[in-house]
Structures are given as structure tokens and as C-alpha cells.
2 protein chains.
Amino acid sequence: MAQGRRQTGAGRGVTMRDVADRAGVGLATVSRVVNGVSGVAPELAEKVREAARDLGYRHDATASSLRRADRRTDTVALVLEDVANPFSSALQRAITDAAAERGIMVLSGSSDENPSRERDLVETFTARRADGLIVVPTGRADDALRAARIFGTPLVAVDRMVDLEGVDTVTVDNREGTAAAAARLHAAGHRRVAYFGDQPTIWTADERLAGFSDIFPVGPATPVRRGLSSVQAAEHAAHEALASPEPPTAFVSGQNLITIGIRRALQEAGLEHRIALVGFDDFPLADLLTPGVSVIAQDPARLGLEAARLLFARLDGDEGPARHCVVPTRYIARGSGEIPAPSARP
Amino acid sequence: MAQGRRQTGAGRGVTMRDVADRAGVGLATVSRVVNGVSGVAPELAEKVREAARDLGYRHDATASSLRRADRRTDTVALVLEDVANPFSSALQRAITDAAAERGIMVLSGSSDENPSRERDLVETFTARRADGLIVVPTGRADDALRAARIFGTPLVAVDRMVDLEGVDTVTVDNREGTAAAAARLHAAGHRRVAYFGDQPTIWTADERLAGFSDIFPVGPATPVRRGLSSVQAAEHAAHEALASPEPPTAFVSGQNLITIGIRRALQEAGLEHRIALVGFDDFPLADLLTPGVSVIAQDPARLGLEAARLLFARLDGDEGPARHCVVPTRYIARGSGEIPAPSARP
DNA sequence: CGTTTCCAAGGAAACGTTTCCAGAGCTCTC
DNA sequence: GAGAGCTCTGGAAACGTTTCCTTGGAAACG
């Protein structure tokens, strides 16, 4: 049998009017039953439910939200960097779960760090009248976000700060986290430490580098590479650094994929036990490698939950000033970050 | 400044009527301009666009789809097992990208292998009048899916077969993949091989076990554990197997998390170089471990793309019989699967 | 010049729902 | 026993859009 098209479905096209006629009641009564409003005689309500079941009636959420006084669509939209990245998907999971508790659905899309894709997504989402937006912003004061603000859709920026009046934000204590990790390396005797970071347009990339520089001011002994955004790029850059006349005794990475790239290069050179490595953001299996990869771990689920909470507060009518929520990071020692500098070795 | 609520936004509440009044044209003309229909005088169209810009007008997709003849919402819904799982997020990513090319948005949710959550999600999605559904089904012939079919929403099952008339499916050649991997172990001299699999309610779990049994018929020498669904559970089970009087010389795992759990147990016992391990489904960093973890790799992006294609064909009016698409797997040798049986060692 | 043809443009109906309002039937109170 | 108050019900308007259909005017044709 062929799969029916929408028009041919049994229940498709059945409206409240049809249910009302079959149950022998008025349209308004059906609406009341469907929405669970009290004040309908029990036997009448049962008759309506039966008719609805018989006809295969399905409530139409789009028509409903169009007419309803609050015009809510019970939908929030999520603009991620890339759903396939574990950080993003953990964020999405947390937000989706928090939303589900309130009967809210989540639309999502990936910007791939591309401002024009971000703009497209925000535009599509506002056209669909999402009740609110949670965005991992590509830039500091993106036009798209500004437009959403002007339109009046509540907006929460997550993971990165944004220069927009009145936007709630949730971030991680990037600078402190990196500084603390760098301080540990310093205490272990490291003086030649390389920092590999993401594109400078990204807020977190700046913050993390700043934390590193708090301990290791940029200079010839502390080479900094920025703009790395893939495992391959980081791997290549690490090989270059290792081939230099005075290679670093430790690496600090500002991101997930970069950490993996560096580690890959170290393993290829057989140096993973001799050169220290600390990465920002935890990743699965970091503990199964030998040595385990020490990281500055964030809690993406927590980040998502806080973002959802801020957004829901706005949806509930909170008109207060913009809030900023900072979630702490946690250093996880697994071995790679505890390798001492050669000079400090016995 | 306080973040405005939806009612207070500048553009919020601006309708086509307002734009029409400001531009001094009729409502119908604005609609034509907004939808890019030809047959409007250029200067009039420009006037409309200007008025829309001035007022901050945003097209309302919900009202639009309500009235439009085809009643399309340009939305498809995705029911995953768990967005946070790399397999699921890769699937989502591929589907979202394919959909974006057609201007279609993707709603998604996680069933967590729970049929009642699956039912909730399918119901919510049909209430929102998604044009189509892509589902990783929890069961063989779920009520929820049947209901969607009856309602007439095109439905594609992905990753798992489903016993429903006329439902398109996309799966991987599970049985062949596992059988081929098992055959390699057999050739390497292994005779005591343990199989650890997921819950038997899951179609793929059955298929993969069947493939294993094609080579190693279930018996005392080939212990089978099923119903493992977390890293911890698998780790625990592996420890038990290793402590048995005659421990297996190789493990075959039917899933991602199980593979990791087994590997974790092997490393804790210091046996990762002596006992072979092959897992179904690749995972990041499998190659950075020593030895690297050999896997039967699937291509989730490909799976998602095929599912999207099947669905879009239905949306485009394809009324043909249900189709079934099988995507091949690929064995990736990384070391752990190439460890020979002790008897075969020199 | 009169008639037809064509095309741009606007008025109004309709999509499926929620919600206001009015009416009907009741009980309760003075 | 009549009016007030209450509860339940249904009719109809409205949400913002698309689309049918009509209209007015200009161009084309005899």
C-alpha cells in the first residue's frame, strides 16, 4: 500500500466543527473540552471526547496560537554553533528537557560560526513566532540579535557575552579557569608554554587567552596561535611548534577540537608522556587515553539549564534588568597536565 | 533597560494591514510582495517593502500556513533516542542541513528509548502539523507511529525496521557488519568470544546479535549479555566476565557506550593488549587509544541524508510503495580487533 | 470611436481556533 | 412567587494571512 499523502489521511482535515456536529454540541463546547476548561457537564464532555476519538481529530496548535490571547506558540528556538559538537548537543539536551517540562518544544539550527547563517536562523525563528530565543552568538553585537531584540522576542545569549542592552547571558568563568590551569603549569616549573586558541572573533577565545596571559604574559617563550578551528589545523600547528628550535614544554588549548589535535600530534611524535597538555572543555574518553588528558571542564548541561531558566522567567513576565549568570569551571587532573617541566625533573 | 516582553516590542503586532495602510495599498498587494509573486508594479512593490521596513514588519509563518492552500508548515519533526549521543546528533545534523536547503525547519526531541515519551513527542509534533516525521523507533510497531500513519503524516523510520505497512525505512547492514567482524576474530583463532548487546526490544540489537551468532553460535564458550545500555553497566558486566573461570579471549560489543564500558574494564584490568575488542559504531578518539579500538563503523550522516530524501520525496507527492534503503557499514582495523587468540600466538 | 482583452490592484471570504457575550435553565432568597 | 444570581451552553467575532473574484483602467483591435 502506498503511504498516503497528507490530504488522504483519515483524520486529516477533521476540525472542531466536525467533532461538534457529531457530538451534537456547539463549537465552543468542543474547544472547552479540548483545552480542559472546567465547567462542562461530564457526560457532555465524554460525548465530545468520544466523537473526537471516532473521527481521529487532532488539535491544531497553529490555529490555536493564532487566535489565543497571549499568542504563544509554546516554542523556543536554539541557535547553536554545531549540533554535532558534544558541547552543543549537551546544551541542546538540557534545554530541550527543561522546555519539555513546560510543554514547550525546541527548534534548533547550527550557525557554524557564520554570522549570515545565524541571521537566517534568527529570521526564520522569529517568522515562526518562537516565544523566545537562546543563542550561542557568533559575534559581539550581531545585527540579527539586535533585530530580534527590537522585535521584542526575549533573547538569552549562552556561552558568550554579547554587547546588547538588556540581553540575559550565561557564561562560564573562562578567564579564571584558564588562569588557574596555567598557574599549575607554572608551579610545575614550565616556562615555555604554547597557547593554541580558536578564532579571535569568538568571545570565549579572547577570555581564555586573557586568563592564560595573566600567568604567562605573551612573549617569545610563550608562543600563541589563534584561529584554529579544527582538529587538523591544531595538529598541524602543533607539529610546527614541536619542530621549532626551542619547542614548548607544555601546551594549553582553548577548545575541544584543538586539544585533540595537539594530543594527536604529540602521540605521533611519541611525546605525550614528556610534554604537558591542558585543554579547555572536557571530552568523552579523555580519561581512557594514557596519559589521561587534564582539562578545564565546563558543565554544558548546567549552562543550558540556566539559560532556559532565564528565558522562562522572561516568558513568565519578568521585566527586570538583564541578568548575567556565571557557571564555574572545574580542573580535572588526569595526568597530561601534571607532567613537570624537564628542568624540574629529578 | 529592562528586556521588553513580546507585547512591547517595536515590530511586534505589526500586521500586513498596517503595512498596507502605510504604503497606501491594499492588503492583497502586500501579500503578493511579501511572497514575491510577480505582477506587482515595481514602484508599488518598493513602496510596500519600504513601509514594511519602517514598521519592522515580520511575516507570520503560522497565520500563513493556516490559510495557505497546501497547509504546509515547512517543518519536519525528528524523534531521536538521545540528542546527546554522537550518533543521534550526527543524524540530526545531516537531516537539519538537508532540510535547510529546502527552507524547512526541524523540530526534535529525545525518546530515551521510552515508548511513552515517543508517543508524547509524536503527538506534539502532529499537533503542530509537522509536514513529516523522521523517527528512530523504540519498538517494532508502536501505537504512536501507527496513529501518525493513520493521520496521514508521512513517516520515515531510521536506523531500525518497523512493522508498519507503507513506512519508508533506512537502516544499516547490521547483521552483515557484525558477522564480518566476528569472522575476522574466528580467523584469528578466537573461540571463546563474549557478545555484549543492548536491550532486546531494539531492532538493531537483535540484528547485530544475529550476525554474531552466524559465526559463533550461542553456547557455553560464547557468553551473551543483553540489556546493557550504559557505560557503567557494560563495564560492570565486563569485569564479571573477566573474573569467570574461563574468561573470553575477545569481546564483541553491539553499541557505542558498551564498547567504551568494556574497554574501560579491560584497561582497569591491564588487559587491553591481550584481549581483543570490536565494537559496533565508531566513536571519536577510538584511534587515539592504545591499542586503537577496531569498530564496525556506520555513517550516521549518510543515514540521515537518505531518511531526509525519502521523506522529501513523499512531501513532493511520491505515492509509490514503501521503500527500504540499506546503508553499508565499514570495518575499521585499529588494533584491538586484531589481537590474536592466545593459542594462535607464537 | 466602440468594443474586447488584458492586467494590476483591492475587497472580502476563508483557514481552525479561542473567547466574548448573551441566553437558557436552574436554585436561592426575601 | 418573583427577581437575582449562578452555571452551562452556543453563536459569532476575531486572530493574520492567502486567494478568489470583482473592478477599473489602459491597451489592442475592428
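Labels below follow one simple rule: chain letters A, B, ... track the order of the sequence lines, proteins then strands, and each chain is numbered from 1.
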Practice task
Identify whether the distance between the nearest side-chain nitrogen and carboxylate oxygen of A:Arg160 and A:Glu113 falls below 4.0 Å.
Solution key: yes
Exercise for the section: Return no unless some side-chain N or O of B:Thr29 is found under 4.0 Å from OP1 or OP2 of C:dA9. Expected result: no
Practice task
Using a cut-off of 6.0 Å, state whether more than 12 heavy atoms not belonging to A:Arg323 lie near its atom CZ.
Solution key: no
Fill in the blank from the handout: B:Lys47 NZ to C:dA8 P, in whole Å, measures 17 Å
Exercise for the section: May I ask you to decide whether A:Glu306 forms a salt bridge with A:Arg309, counting only side-chain N to carboxylate O separations under 4.0 Å? Expected result: yes
Handout entry: Charged N-O contact under 4.0 Å between B:Arg67 and B:Asp60
Key = no
Exercise for the section: Using the test salt bridge (charged side-chain N to carboxylate O under 4.0 Å, His left out), find all partners of B:Asp163 that sit at least two apart in sequence or belong to another chain. Expected result: none
Completion exercise
Protein heavy-atom contacts under 4.0 Å, written 5' to 3' over nucleotides 16-21 of chain D as B (base), S (sugar-phosphate only) or - (none), form the string BBBB--
Completion exercise
Paired to D:dG30 by Watson-Crick or G-U wobble criteria (both distances under 3.5 Å) is C:dC1
